K.L.:
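Before we start, here is the structure in question, set down as structure tokens.
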2 protein chains.
Amino acid sequence: MPTMSDVARAAGVSVMTVSNVLNGKPRVGAETRLRVLEVVDELGYEINLSARRLRSGRTGAIGLVVPRFDHPYFGDLAARLSSALASTGRHLAVEQSDASKEGELAALSLARLQTYDGVILSVVGLGYDDIDRIRPSFPVVLLGEQHMPPRFDQIHIDNITGARLATEHLLDRGARRIVMVGGGDEGHASMVTLRTRGWELAQQERGVPVDDAAVLPLDRFEMSSARIAVRALLARDPSIDAFFAITDQVAMGVLAGIHDAGLRVPDDVQVVGFDNLALGEFTMPGLTTIDPSNAWIVENAVAALDRRIADRDSAPQHLVSPVHLVERGTSRASRAAPSP
Amino acid sequence: MPTMSDVARAAGVSVMTVSNVLNGKPRVGAETRLRVLEVVDELGYEINLSARRLRSGRTGAIGLVVPRFDHPYFGDLAARLSSALASTGRHLAVEQSDASKEGELAALSLARLQTYDGVILSVVGLGYDDIDRIRPSFPVVLLGEQHMPPRFDQIHIDNITGARLATEHLLDRGARRIVMVGGGDEGHASMVTLRTRGWELAQQERGVPVDDAAVLPLDRFEMSSARIAVRALLARDPSIDAFFAITDQVAMGVLAGIHDAGLRVPDDVQVVGFDNLALGEFTMPGLTTIDPSNAWIVENAVAALDRRIADRDSAPQHLVSPVHLVERGTSRASRAAPSP
DNA sequence: TCACTGGGGTATAACGATAAACCTCAGCCG
DNA sequence: CGGCTGAGGTTTATCGTTATACCCCAGTGA
């Protein structure tokens with residue numbers, strides 16, 4: 001495997017000149033540059049990124065740490081990020097944080113973060129303390145939750161507003177018994193707590209009594225858990241006329257559960273999700289959902305990371321992404337009269 | 001940011017002793033070991049993986065290169081691989097190969113592969129020559145296609161058999177006009193070509209005339225392309241009674257297209273997909289599909305990679321993963337009589 | 001007493017790249 | 001003709017680890 005000094009020797013120049021050519025530094029004559037590039041090509045030389053990073057601290061790689069690889073929301077996020085970075089000559093590597101109890105901390109270890117020039121960290125499911133352990137000097141942008149160490153740049157999804165929009169929409173469409181699937185109160189400002197809070201607020205504002213029993217907690221935000229829970233719930237309580245699902249993936253399970261119970265969407269029961277996955281356009285009927293503005297999130301996350309890489313001491317930015325409702329077929333098309 | 005020599009100084013030992021402690025080498029006394037570990041903890045020292053890799057060639061990181069982050073099939077693969085590797089103390093980073101024209105080659109560049117101890121490469125959509133450029137000495141396992149440079153370890157999905165099973169199943173269930181969505185002949189043994197071949201073979205074997213016009217090519221294997229194409233096709237040709245979709249994702253689009261056309265599944269039209277995504281359990285009705293045995297693939301890919309990392313000269317292995325049919329609701333439950 | 005062994009450690013030289021300082025010479029000015 | 005300048009390079013000193021060789025000393029057997 002050829003090194004820079006192999007190239008230098010073959011081209012009859014010093015190693016430093018090869019490095020300068022490869023990095024586009026100015027102090028090299030035109031024909032020397034050409035000769036070096038020829039030799040590089042001929043030997044099939046490629047730079048050793050570990051060595052470069054050791055000496056210069058740059059690799060051109062950005063890391064994205066997500067809770068799970070197999071959740072479509074993160075796939076979408078990763079794809080967008082990858083495109084955004086590619087246009088500036090960098091690339092993205094994605095790692096998973098919650099594969100195992102031990103793996104969680106390992107993914108956040110400095111050793112692993114260090115291999116990147118900067119890291120975007122989706123903190124869903126991670127604790128305040130886990131994050132707090134990250135060395136402040138390392139460029140990190142946090143994505144998702146509210147209550148995180150303020151010293152980091154952060155981009156929050158407006159969970160409360162999103163959940164409120166969803167719930168208000170269901171109320172507008174005549175729903176009166178709205179179950180919050182995957183909801184709960186985790187004691188801190190987590191996604192679960194905040195979306196549940198938004199669901200409560202919307203009902204309070206409309207003067208609809210909030211029924212704590214209408215929160216359907218879920219141990220995992222998977223389609224199958226949601227399906228089973230919803231099917232069981234509908235069998236017990238036929239008065240339910242709507243579900244607000246904490247994520248679109250959960251909403252998929254909810255739809256299946258409703259179908260299992262022999263009910264129709266949106267005539268018997270309405271459903272709203274959260275995430276605006278591409279998938280939601282292809283359910284039958286299409287899934288009404290909250291769009292968390294992933295494009296906006298990615299754009300601002302990259303900008304924040306670039307700022308921090310350029311200046312590690314700049315003041316941390318806390319941004320909130322806009323959310324909006326996407327109406328499709330799982331909620332009713334027109335305003336329904338308030339229940340009798 | 002503390003280095004090994006900071007630790008050594010604070011513990012009153014040599015750098016080498018710190019290294020030996022951290023790597024579990026035997027030549028260290030019990031109390032020295034303890035003292036070093038204490039100091040490591042106190043200073044919050046973490047190893048620099050770039051330096052380690054530069055010197056020793058090991059990082060404990062395995063790479064997975066996939067065509068796209070946002071395809072659920074690869075999310076599933078990545079999640080499985082991650083678990084499999086975590087149990088042996090390594091971890092997975094996922095990169096994307098086809099973000100852009102330039103990005104494609106960059107992802108396969110030695111520079112990037114090099115940052116991993118080994119790489120698993122999903123070659124769907126990559127050309128023979130792209131792969132052929134990879135330095136043979138680097139540990140790589142290829143996933144997916146048939147026609148790849150034989151010097152690499154490879155795990156093939158049995159595309160022909162899978163497509164044959166799908167098509168035979170549709171024929172068994174009474175289908176006579178089966179459209180191959182996303183099919184075509186790319187001139188080499190690609191996923192598209194092979195699955196189309198399986199679809200042809202099944203029909204030939206059953207004495208059903210193969211209609212080339214029944215191949216519906218797709219520029220991108222996305223739900224929306226499939227939906228539009230299928231809707232248009234059904235409007236033109238009402239005699240179609242089944243679709244074999246090249247992937248489950250395409251199948252989702254097909255189902256939506258059929259719905260758009262006002263037809264019912266499986267009564268009017270039957271559908272079979274390929275990939276056995278988790279999603280397929282949650283469509284209404286559930287998606288009949290081909291299971292490519294991802295668990296088997298991952299298990300064998302890791303084993304092959306480990307073999308190659310241990311011995312770079314071992315003979316390349318070519319394995320074929322078993323496939324089987326998963327029957328759900330988009331195909332009819334019982335054997336139908338042959339068409340009149 | 002002496003060579004020998006092995007446990008516990010240290011000193012030194014890389015791994016491959018780059019930052020920073022330095023060198024060399026042609027051209028030009030005063 | 002001496003000194004200055006700037007283009008085009010080169011030399012040197014690292015970055016943080018680890019492989020390798022080596023050292024020291026207590027205990028052992030002859």
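Hydrogens, waters and symmetry mates play no part in the numbers below; they use all other heavy atoms, side chains included. Throughout, protein chains are lettered first and strands after them, A, B, ... in sequence-line order, and every chain is numbered starting at 1. This is a predicted model, so every value here is computed, not measured.
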K.L.:
Reckon B/Thr3 touches a base, only the sugar-phosphate, or nothing at all at heavy-atom distances under 4.0 Å?
P.N.:
sugar-phosphate
K.L.:
Could B/Arg307 and B/Asp311 be called an ion pair, given the rule that one side-chain N must be under 4.0 Å from one carboxylate O?
P.N.:
no
K.L.:
Once you round it to whole Å, what is the distance between P of C/dG16 and CG of A/Leu22?
P.N.:
16 Å
K.L.:
Is the distance from OP1 or OP2 of D/dT18 to the nearest side-chain N or O of B/Ser56 less than 4.0 Å?
P.N.:
no
K.L.:
Could you give the NZ-to-C1' distance, from A/Lys25 to C/dT18, as a whole number of Å?
P.N.:
7 Å
K.L.:
Counting only side-chain N and O atoms of B/Thr17, is one of them less than 4.0 Å from OP1 or OP2 of C/dG9?
P.N.:
no
K.L.:
Find the distance A/Leu49:CG to C/dC15:P and express it as a whole number of Å.
P.N.:
19 Å
K.L.:
Answer yes or no: does a side-chain N or O of A/Ser50 lie under 4.0 Å from OP1 or OP2 of C/dG16?
P.N.:
no
K.L.:
Going from CG on A/Leu143 to CD1 on A/Ile155, what distance comes out if it is rounded to the nearest 0.5 angstrom?
P.N.:
6.0 Å
K.L.:
Among D/dT18, C/dG9, D/dG9, which nucleotide has an atom closest to any side-chain atom of B/Val28?
P.N.:
C/dG9
K.L.:
Quick check on DNA chain D: between B/Arg52 and B/Arg27, whose nearest nucleotide comes earlier from the 5' end?
P.N.:
B/Arg52
K.L.:
Nearest whole Å is fine: how far is D/dG16 P from B/Asp6 CG?
P.N.:
9 Å
K.L.:
Want to settle it: does B/Leu54 or B/Gly29 sit nearer the 5' end of DNA chain C, counting the closest nucleotide to each?
P.N.:
B/Gly29
K.L.:
Please report, rounded to the nearest Å, how far the P atom of D/dG8 is from the CZ atom of A/Arg35.
P.N.:
13 Å
K.L.:
Could you tell me how far apart A/Arg33 (CZ) and D/dA7 (C1') are, to the nearest whole angstrom?
P.N.:
13 Å
K.L.:
Between the base of C/dA14 and the side chain of B/Arg55, is one N or O donor paired with an acceptor at under 3.5 angstrom?
P.N.:
yes
K.L.:
Specify the separation, in whole Å, of atom CG of A/Asn48 and atom C1' of D/dG16.
P.N.:
14 Å
K.L.:
C/dT10, D/dG9, D/dT18: which one has an atom nearest the side-chain heavy atoms of B/Asn20?
P.N.:
C/dT10
K.L.:
I need the B/Leu43 CG to B/Asp6 CG distance, nearest 0.5 Å.
P.N.:
7.0 Å
K.L.:
From C-beta outward on B/Ile47, which listed nucleotide comes closest to its side chain: C/dG16, D/dT17, C/dT18?
P.N.:
D/dT17
K.L.:
Roughly how many Å is it from CZ in B/Arg53 to C1' in D/dA19, rounded to a whole number?
P.N.:
17 Å
K.L.:
Does B/Val15 or B/Ala51 map to a spot on DNA chain C nearer the 5' end, using the closest nucleotide for each?
P.N.:
B/Val15
K.L.:
Let's see if you can work this out: which of C/dA17, C/dA11, D/dT10 has an atom nearest to the side-chain heavy atoms of B/Met16?
P.N.:
C/dA11
K.L.:
Counting N and O atoms only, with roles assigned by atom type, does the side chain of B/Gln96 sit under 3.5 Å from a partner on the main chain of A/His91, one being a donor and the other an acceptor?
P.N.:
no
K.L.:
Is any side-chain N of the basic residue among B/Asp132 and B/Arg151 closer than 4.0 Å to the acidic one's carboxylate O?
P.N.:
yes
